[in-house]
Amino acid sequence: LRGVRVVELASWTYVPSAGAALADWGADVIKVEDVKAGDPGRALVIGGFTRQNARADVDFILEIGNRGKRSIAVDIKSDLGREYLGRLLASADVFLTNWLPGPLERARLTVEDIRSFNPKIIIARGTGTGVRGPDRDKGGFDAATYLSRGGVSYTMTPFGTETPAVQGPGFGDLQGGITLAGGVCAALFHRERTGEASIVDSSLLAQAMWSIAPSISVADLFGIDGIPGAPPGLAINPLVNRYKTRDNRWIQMVFLQPDRFWAGFCERIGLPELATDERFVPSSNLIANAAEACKLVGDRLASEDLAYWHEVLADEPGVWAALATPKETLNDPQVKPNGYVIPNVDDQGNEYQIVAAPVQFDETPPAAARAPEHGQHTEEILLELDLDWDDISAAKDCEIGRAHV
């Protein structure tokens with residue numbers, strides 16, 4: 001996306017993470033912030049994990065959603081600020097926002113307003129529940145809109161568990177952001193082919209429904225709430241199941257073709273007699289006697305630690321994995337060779353890693369990039385809009401760029 005300019009008027013994590021992905025892919029992403037405090041996400045503290053207490057000088061949530069961007073502080077409610085925003089939009093390929101329809105109308109940033117500055121600009125909007133319908137002007141957040149209203153939490157809650165499943169911050173935001181970034185790329189391709197500028201829309205609700213589409217389809221076709229799971233410890237197919245090891249770790253197996261994998265797996269784990277046991281061969285018998293097979297396999301796997309099974313199952317052709325902790329995933333031997341994390345350095349020389357957007361081109365990871373400080377690039381961007389220093393001084397007097405001064 002080198003040569004593509006994106007003007008982002010967005011806050012928190014969902015839509016900004018789309019901008020971060022576009023920046024990873026080479027776009028010049030300019031984050032427009034107000035002159036007083038900027039993106040409210042700059043003041044967000046999650047679980048006490050503050051920038052001041054981190055090993056490197058990094059606000060981790062802000063960094064994930066804003067790396068590689070430039071920040072300009074502009075009061076778009078003022079006449080001069082609106083003029084400068086108009087100039088910025090005139091120079092851009094994409095306008096990316098999470099503002100709802102009502103606030104956009106009040107800010108005179110409707111589709112018609114934006115296109116008056118630039119008829120060929122692509123407009124990309126990420127909302128809570130969509131730009132139409134009775135809740136078009138209601139906001140949304142990850143936990144409420146994606147996990148809760150979108151049915152994801154219900155679907156992820158294990159069978160027989162009373163407490164609903166929850167996830168950490170940004171779980172749906174980051175999935176929604178990468179989807180919106182993909183929509184922007186499709187719109188850029190369409191414009192390249194036809195000359196037509198599209199309006200791109202996505203929402204946390206739409207992303208949630210896509211995430212649990214099989215359960216949504218079952219609700220429609222069979223009239224029930226999702227796909228029932230087996231009780232804990234059991235499975236319809238014993239080779240598609242989760243088993244606990246002696247050291248209280250878990251192994252997830254996904255052997256979708258039992259007849260292909262059963263005999264070899266039984267040999268490897270030290271139960272060769274089960275490989276030809278008529279209770280479990282062929283696979284129709286295995287499934288018919290799933291409870292018994294689950295217990296036998298479960299007891300065997302529970303007799304050794306995870307490290308033992310890592311060694312024993314190293315050459316297992318069926319797909320399996322241990323349930324990893326975030327630290328273990330960070331240090332997974334596949335991560336660094338594939339560039340799944342970006343090595344960064346803070347202003348004091350402390351090295352740290354940030355997760356890259358999950359799509360690469362030409363087997364090349366994105367370059368290291370920091371999230372901008374509030375208004376950090378205000379003067380630089382105004383100069384690019386052919387303003388001189390007298391104009392910039394006047395802008396500061398009108399509180400356009402005071403955040404950086």
Side-chain angles (χ1 to χ4, degrees), residues 8 10-22 39-41 44 46-47 61 64-66 96-104 123-187 198-229 242 252 254 323 326 329 355 357-359:
E8 176 191 297
S11 55
W12 303 111
T13 301
Y14 166 32
V15 173
S17 73
L22 296 170
D39 185 337
L44 179 65
I46 294 174
I61 286 291
I64 289 168
N66 292 283
L96 177 65
T97 188
N98 69 345
W99 284 30
L100 294 168
L104 285 174
I123 298 170
R125 306 178 296 201
T127 57
T129 61
V131 297
R132 297 177 295 277
D135 292 339
R136 68 191 290 266
D137 273 318
K138 289 185 177 180
F141 277 109
D142 175 61
T145 312
Y146 177 88
L147 282 171
S148 302
R149 186 169 182 171
V152 175
S153 183
Y154 180 94
T155 303
M156 291 177 60
T157 301
F159 178 84
T161 302
E162 293 184 1
T163 303
V166 296
Q167 290 295 326
F171 185 69
D173 291 334
L174 294 169
Q175 296 177 59
I178 200 69
T179 297
L180 185 56
V184 168
C185 291
S198 304
I199 300 170
V200 181
D201 281 305
S202 192
S203 71
L204 289 172
L205 179 59
Q207 186 69 37
M209 294 182 69
W210 179 252
S211 300
I212 62 165
S215 294
I216 296 287
S217 290
V218 165
D220 177 37
L221 295 171
F222 300 96
I224 61 173
D225 275 324
I227 302 169
R242 186 175 293 175
Q252 174 69 62
V254 187
L323 272 67
T329 300
V355 178
V359 177

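When reading the values below, keep in mind they use all heavy atoms of this one structure, side chains included, and skip hydrogens, waters and symmetry mates.
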*First locate atom CD1 of I64, then atom OG of S17, and finally report the distance between them rounded to the nearest 0.5 Å.*
9.5 Å
*asked:* Just to verify, what does T155 make a side chain to side chain donor-acceptor pair (under 3.5 Å) with, not counting sequence neighbours?
replied: none
_W12 side, atom CH2; I61 side, atom CD1 - distance, nearest 0.5 Å_ = 11.5 Å
*CD1-OG distance between I212 and S153, expressed to the nearest 0.5 angstrom*: 10.0 Å
_My understanding is that only one of V15, L100, N98 makes a side-chain contact (heavy atoms from CB on, under 4.5 Å) with T127; could you say which?_
L100
_Closest contact, heavy atoms only, A208 versus G150_ = CB-CA, 3.6 Å
*Picking from I123, L96, L180, what satisfies side-chain contact (heavy atoms from CB on, under 4.5 Å) with V200?*
L180
*asked:* Quick check for you: to the nearest 0.5 Å, what is the distance between T13 atom OG1 and F141 atom CZ?
replied: 9.0 Å
*To the nearest 0.5 Å, tell me how far L323 CG sits from R242 CZ.*
4.5 Å
*asked:* Donor-acceptor pair, distance only, cut-off 3.5 Å: does the side chain of Y14 make one with the backbone of G172?
replied: no
*asked:* What's the separation between atom OH in Y154 and atom OG in S215, rounded to the nearest 0.5 Å?
replied: 9.5 Å
*Between D135 and R149, is the closest basic N to carboxylate O distance under 4.0 Å?*
yes
